[in-house]
2 protein chains.
Amino acid sequence: MPVAKKRAYHHGDLARALVDAALQHIGREGVEAFTLREAARVAGVTHAAAYRHFADKRALLATIAEDGFRTLSDDLRDAAHSEGDALEKLTSIGRAYVRFAFREPARFRVMFGPRLNYDRRFPSLEAETQRAFRILLDAIEAGQRDGELIEGVSRDLATALWTSAHGFASLVLHRKIIVRSATRAEAYYVEIVRPLLTGLRR
Amino acid sequence: MPVAKKRAYHHGDLARALVDAALQHIGREGVEAFTLREAARVAGVTHAAAYRHFADKRALLATIAEDGFRTLSDDLRDAAHSEGDALEKLTSIGRAYVRFAFREPARFRVMFGPRLNYDRRFPSLEAETQRAFRILLDAIEAGQRDGELIEGVSRDLATALWTSAHGFASLVLHRKIIVRSATRAEAYYVEIVRPLLTGLRR
DNA sequence: ACCTGAACACCGTTCAAGT
DNA sequence: ACCTGAACACCGTTCAAGT
């Protein structure tokens with residue numbers, strides 16, 4: 001077993017092992033406590049080996065963030081295709097956003113914590129972010145077309161829902177809003193978002 | 001001048017000098033790039049000297065966060081005392097929150113970025129946070145008493161407004177929402193929050 | 001009371017060298 | 001092609017020693 005482990009990452013899965021170790025650690029200790037060297041240690045490899053797979057620490061975090069937005073998009077798409085009228089779909093989308101944050105707190109923190117892309121070094125990360133927003137935007141526009149939602153700039157209404165879900169998830173993860181459990185948090189969000197949805201109803 | 005500087009921090013202002021250096025650096029490079037050693041360098045002092053004023057790096061950041069919440073409370077209180085009906089006051093409060101985030105981005109990042117208080121080591125920080133929320137809560141309850149706002153758990157309605165302002169400020173500072181300028185951001189927030197306020201109106 | 005100097009155990013990153 | 005070992009310039013934190 002130790003011998004097998006010694007060559008385990010010659011098959012191209014070191015990148016993934018490093019990412020997994022990173023997510024483990026970030027989930028427990030926060031993104032500011034994450035180090036490349038410890039991820040390499042956990043993966044059973046010398047710290048310099050990480051640089052064969054990621055240009056630097058930021059590149060590893062950007063990969064995590066990008067994967068995170070991809071997963072989030074999948075979740076939001078499922079919610080957008082759920083049963084119900086426009087308002088119920090928007091509730092589902094917001095709820096899916098909050099659920100994602102609680103199911104994947106490490107990913108969520110990496111996606112919205114450190115300033116990974118201030119120099120636009122990771123265009124694909126930006127693209128994935130916009131794809132996620134687009135799903136929300138489409139749901140708003142469909143609701144407007146069907147006459148279920150108020151008129152107005154669809155981008156603005158989508159942003160209103162995003163800020164609500166994002167603000168809630170961020171504040172709960174940061175323990176500024178206290179909830180008993182992840183399940184409770186989701187139910188609480190549905191309460192919180194109700195006035196906004198009332199305001200969006202035509 | 002260099003001689004004067006040599007003894008400048010024997011008068012008790014090193015703590016402040018370190019905080020100022022920290023805010024400067026965090027404003028430019030982000031909280032993850034801040035180091036105690038560089039703050040000490042900028043303050044013209046050996047790095048070990050910082051430990052005479054702060055227990056550790058986290059304590060310095062907690063001081064910044066606590067000061068930030070105090071300033072935020074002042075701003076929110078001013079907004080809560082502004083002219084107008086309940087909805088106008090809530091708009092002012094949300095707007096003040098967003099304005100604070102843009103005027104003091106470094107403070108805002110420290111307040112809501114790293115997990116400074118997961119072990120409840122800084123109870124005064126938690127107290128200041130709650131004081132800020134209380135101002136919002138009072139405004140909601142006054143509006144409910146006057147019959148201008150919908151009934152319901154005041155804490156939930158206050159949380160709805162908080163998530164909206166906080167989500168907006170966070171996403172703009174993180175460049176997930178793009179705005180041309182700080183002034184534009186504030187005006188844009190007023191647009192974004194409109195549906196929520198409609199939903200809060202009785 | 002406040003700061004310095006030296007030390008310790010860490011980092012991120014680079015690069016020649018090994019297989 | 002992928003990893004190791006050694007090196008470099010950094011950190012946060014501690015502590016005896018200086019004024």
Side-chain angles (χ1 to χ4, degrees), chain A residues 2-22 24-26 28-64 110 113-116 118-119 121-122, chain B residues 2-22 24-26 28-64 110 113-116 118-119 121-122:
Chain A
V3 179
K5 204 176 185 183
K6 221 175 190 175
R7 301 247 167 263
Y9 300 122
H10 281 269
H11 303 293
D13 48 1
L14 177 54
R16 175 170 295 244
L18 290 169
V19 164
D20 288 348
Q24 281 280 331
H25 193 78
I26 293 167
R28 274 180 287 115
E29 309 287 337
V31 60
E32 61 272 15
F34 160 64
T35 68
L36 265 186
R37 284 174 105 113
E38 207 227 329
R41 240 175 273 138
V42 170
V45 102
T46 290
H47 58 267
Y51 289 86
R52 198 64 39 182
H53 299 271
F54 299 100
D56 54 22
K57 189 180 177 181
R58 233 170 98 209
L60 191 156
L61 291 174
T63 297
I64 289 176
V110 173
R115 298 163 72 209
L116 299 173
Y118 59 89
D119 51 3
R121 194 182 135 195
F122 308 106
Chain B
V3 180
K5 204 176 182 182
K6 222 175 192 175
R7 301 247 167 264
Y9 301 122
H10 280 268
H11 304 292
D13 49 359
L14 176 55
R16 176 171 295 245
L18 290 169
V19 164
D20 288 349
Q24 280 280 330
H25 193 78
I26 293 167
R28 274 180 286 115
E29 310 288 337
V31 61
E32 61 271 12
F34 161 64
T35 69
L36 265 187
R37 285 175 105 112
E38 208 228 330
R41 239 174 273 138
V42 170
V45 102
T46 289
H47 58 267
Y51 289 86
R52 199 61 42 177
H53 299 271
F54 299 98
D56 53 21
K57 188 180 178 181
R58 231 169 99 208
L60 192 156
L61 291 174
T63 298
I64 289 177
V110 174
R115 298 164 71 209
L116 299 174
Y118 59 89
D119 52 3
R121 195 181 135 195
F122 308 105

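Chain A is the first sequence line, chain B the second, and so forth, proteins listed ahead of strands; every chain is numbered from 1.
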Whole angstroms only, please: what is the [atom1]-[atom2] distance between [X] and [N]?
{"X": "B/F54", "N": "D/dG12", "atom1": "CZ", "atom2": "C1'", "value": "15 Å"}
{"X": "B/R52", "N": "D/dA16", "atom1": "CZ", "atom2": "C1'", "value": "11 Å"}
{"X": "B/L18", "N": "D/dG12", "atom1": "CG", "atom2": "C1'", "value": "14 Å"}
{"X": "A/L61", "N": "C/dG12", "atom1": "CG", "atom2": "C1'", "value": "12 Å"}
{"X": "B/D56", "N": "D/dC15", "atom1": "CG", "atom2": "P", "value": "14 Å"}

Do B/D119 and B/R58 pass the side-chain contact (heavy atoms from CB on, under 4.5 Å) test, and can you show the C-alpha distance, the side-chain angles, and the key distance before you say yes or no?
CA-CA 12 Å; B/D119 52 3; B/R58 231 169 99 208; 2.6 Å; yes

In dot-bracket form, 5' to 3', how is DNA chain D paired? Count Watson-Crick and G-U wobble pairs only if both distances fall under 3.5 Å, and write | where the partner sits on another strand.
||.|||||...|||||.||

Please determine whether side-chain contact (heavy atoms from CB on, under 4.5 Å) holds for the pair B/L60 and B/F34, giving the CA-CA distance in whole Å, both sets of side-chain angles, and the decisive distance to 0.1 Å.
CA-CA 11 Å; B/L60 192 156; B/F34 161 64; 4.1 Å; yes

Which one, C/dC3, D/dC3, D/dC15, comes nearest to the side chain of B/A48?
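Nearest nucleotide to the side chain: D/dC15.
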
Looking only at the side chain of A/Y51 (C-beta and beyond, no hydrogens), which of the listed nucleotides D/dC2, C/dT13, C/dT4 gets closest?
C/dT13

Determine the minimum heavy-atom distance between B/V110 and B/L61, stating which atoms define it.
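Closest approach of B/V110 to B/L61: CG1-O, 3.3 Å.
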
Heavy-atom count around B/R16 CZ within 6.0 Å, excluding the residue itself: above 12?
no

Could you go step by step and tell me if A/F54 and A/L36 meet the side-chain contact (heavy atoms from CB on, under 4.5 Å) rule?
CA-CA 10 Å; A/F54 299 100; A/L36 265 186; 5.9 Å; no

Can you pull the salt bridge (Lys or Arg N to Asp or Glu O under 4.0 Å) pairs that have at least one residue in residues 29-41 of chain B, sequence neighbours excluded?
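Passing the test, one end in residues 29-41 of chain B: no pairs.
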
Worked check of side-chain contact (heavy atoms from CB on, under 4.5 Å) between B/V42 and B/D20
CA-CA 10 Å; B/V42 170; B/D20 288 349; over 6 Å; no

Rounded to the nearest 0.5 Å, how far does OG1 of B/T35 lie from NE2 of B/H47?
11.0 Å

Taking only N/O atoms, report every protein-nucleotides 7-11 of chain C pair under 3.5 Å with atom names and distance.
| residue | atom | partner | partner atom | Å |
| --- | --- | --- | --- | --- |
| C/dC11 | OP1 | A/R41 | NH2 | 3.3 |
| C/dC11 | OP2 | A/R41 | NH2 | 2.8 |

